Amino acid sequence: MPKLRVLSGMRPTGKLHLGHLVGALDNWKQLQDEYDCFFFAADWHALTTEYAATEIIRESIQDMMVDWLSVGLSPKKSVLFIQSRIKEHAELHLLLSMITPLPWLERVPTYKEQQQELTTRDLSTYGFLGYPLLQTADIIIYKADKVPVGIDQVPHVELSREIARRFNFYYGPVFPVPDPLLTEIPKLLGIDGRKMSKSYDNAIFISDPPEEVRRKTSAMFTDPNRIKRTDPGNPDICNVFSFHKVYSHPETVDRVNRECRQGTIGCVEDKKQLAETLVAYLAPIQEERARYTRNLKRVEEILEDGCERARRVAAQTMEEVRAAMKI
Ligand code: TRP
């Protein structure tokens, strides 16, 4: 049995943080052993929101690739590449645009939501409306079977299913219909209790040095009803405890749970322990980061090789597409 193909992308819009790790990369890493994996930097997608100041994109691609490699995405197991180097995505996007009814794009929930949320940018562009269609091209050009994404991206995968079917209906069977691969994602909020995000300035970055990790951890919000150290706390509503559940030894999780409820461990002490756990967790990743950062030529070689492998697959699909469409 040939392996099923998995494909996913990430927009390079800044340094990666722990939210990216639990939300995507930890999962991608696991998938590498079971599937034929394609992972890429979606730099054209980043342009839909960063078009007015594009420098951040190129810097972030390199940072992001170094982060991917350092956390264990492996060029031996996966095809790692950059979207804009595979021009075939653009050709397929254009061809698909001919058969995409506008209302299908207008009703994608992220379209209106993001326009309302990102008020500092004008997102009334053709490119932004077409975002999920470009994503469709990314997915089906590799004939991906499974697309690991968070819940917010499921409507985009739904669109790619509808477009794949519509293409096959008009021109004959070329594309498999992809499935979203939803994974249970532990909830890790930023240090202020909002969603972890670079733009909220509340993220713990993979590249943060130990002092920074300690400083940020000590600033984390805990159970707001716990005023004195001896007050019994409620770990269920404490973000620090959520972090423990992801990063600490099960025995520590049990002990902290007990001692917090009894009021025998203070939040300050608790956060100190968490900080040391995070520092220890990040240490080997940062060692790898330093290694790759010293050898960026190697990173570029890995990317060139990945792009080459991606391009071969994409070019083959486009031959089939042109033949099916008789162009
Ligand atoms: N839209 C995705 C995100 O913001 C990134 C992305 C672009 C993607 N193309 C993709 C994800 C194709 C999966 C498959 O997270």
Side-chain angles (χ1 to χ4, degrees), residues 4-17 19-28 31-32 35-51 56-57 60-61 64-65 67-68 73 78-90 92-93 96 105 108-115 117-118 121 123 127-164 175-183 185 195-199 306-307 310 313-314 317:
L4 290 179
R5 181 163 293 164
V6 151
L7 172 130
S8 199
M10 198 181 270
R11 286 175 305 130
T13 53
K15 292 188 288 185
L16 295 194
H17 51 62
H20 293 113
L21 262 176
V22 291
L25 294 175
D26 286 341
N27 182 34
W28 294 5
L31 295 170
Q32 293 187 113
Y35 296 98
D36 176 25
C37 288
F38 283 64
F39 298 121
F40 69 99
D43 54 345
W44 280 339
H45 278 94
L47 272 179
T48 60
T49 53
E50 312 301 316
Y51 60 83
I56 180 85
I57 301 176
S60 304
I61 292 177
M64 191 166 94
M65 284 301 160
D67 281 334
W68 283 12
L73 292 192
S78 299
V79 178
L80 307 174
F81 67 101
I82 300 176
Q83 181 185 37
S84 64
R85 293 197 196 173
I86 319 294
K87 310 300 179 203
E88 284 82 354
H89 290 227
L92 183 58
H93 177 222
L96 296 177
L105 294 175
V108 173
T110 45
Y111 179 59
K112 290 209 176 73
E113 277 164 25
Q114 297 264 55
Q115 279 192 331
E117 249 170 64
L118 303 176
R121 304 190 186 132
L123 295 184
F128 187 68
L129 178 66
Y131 184 113
L133 189 63
L134 180 58
Q135 185 162 349
T136 298
D138 299 339
I139 295 168
I140 68 178
I141 205 166
Y142 298 101
K143 300 191 177 177
D145 301 292
K146 308 252 176 212
V147 186
V149 285
I151 189 95
D152 60 311
Q153 292 287 314
V154 169
H156 294 181
V157 182
E158 293 290 340
L159 179 78
S160 62
R161 294 168 61 85
E162 288 173 295
I163 301 286
F175 295 114
V177 176
D179 281 312
L181 190 63
L182 261 181
T183 34
I185 293 172
K195 181 183 148 88
M196 191 181 287
S197 160
K198 177 193 57 145
S199 47
C307 289
V313 178
T317 305

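Predicted, not measured: the structure shown is a model, and the values here were computed from it. Whatever order the structure lists them in is the order used to number ligands and atoms, beginning at 1.
- Counting only heavy atoms from C-beta outward, the side chains of Phe175 and Ile163 never approach each other to under 4.5 Å.
- Of the candidates Thr48, Ile140, Asp138, Thr49, it is Asp138 that places a heavy atom closest to atom 9 (N) of ligand 1.
- Close approach to Phe40 involves these atoms of ligand 1, each under 4.0 Å from a residue heavy atom: 9 (N), 10 (C), 12 (C).
- When all heavy atoms of Pro178 and Val157 are compared, the pair lying nearest together is O-CG1, 4.3 Å.
- Geometrically, ligand 1 and Gln153 share a nitrogen or oxygen pair separated by less than 3.5 Å.
- Using a 4.5 Å heavy-atom cutoff, the side chains of Thr317 and Glu88 are not in contact.
- The structure places CG of Leu16 at 9.5 Å from CE of Met65, a figure rounded to the nearest 0.5 Å.
- Under a 4.0 Å criterion applied to the non-hydrogen atoms of Leu7, ligand 1 contributes the atoms 12 (C), 14 (C).
- Among His45, His89, His156, His93, the one residue that satisfies the side chain to side chain donor-acceptor pair (under 3.5 Å) test with Gln135 is His156.
- Neither the backbone nor the side chain of Leu134 comes within 4.0 Å of ligand 1, counting heavy atoms alone.
- Taking a cut-off of under 4.0 Å to the non-hydrogen atoms of Ile139, the atoms of ligand 1 that pass are 12 (C), 14 (C).
- The closest protein non-hydrogen atom to atom 12 (C) of ligand 1 is Gln135 CG, 3.5 Å.
- For the pair Ser8 and Trp28, the tightest heavy-atom approach, listed with the atom from each and the gap, is OG-CZ2, 3.3 Å.
- The contact set between ligand 1 and Ala42, taken as ligand atoms under 4.0 Å from a residue heavy atom, comprises 7 (C).
- Contacts between Arg11 and ligand 1, counted as non-hydrogen atom pairs separated by less than 4.0 Å, involve the side chain only.
- Among protein heavy atoms, the minimum distance from atom 5 (C) of ligand 1 is reached at Gly9 O, 3.6 Å.
- Checking only distances, Tyr131 does come within under 3.5 Å of ligand 1, N or O to N or O.
- The closest donor-acceptor contact from the side chain of Lys198 to the backbone of Thr13 lies under 3.5 Å.
- Ligand 1 places these atoms under 4.0 Å from at least one heavy atom of Val147: 13 (C), 14 (C).
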Exercise for the section: Could you walk me through whether Tyr142 and Phe40 pass the ring-ring contact (aromatic ring centres under 6.0 Å, His included) test, one step at a time? Expected result: CA-CA 12 Å; Tyr142 298 101; Phe40 69 99; 7.3 Å; no

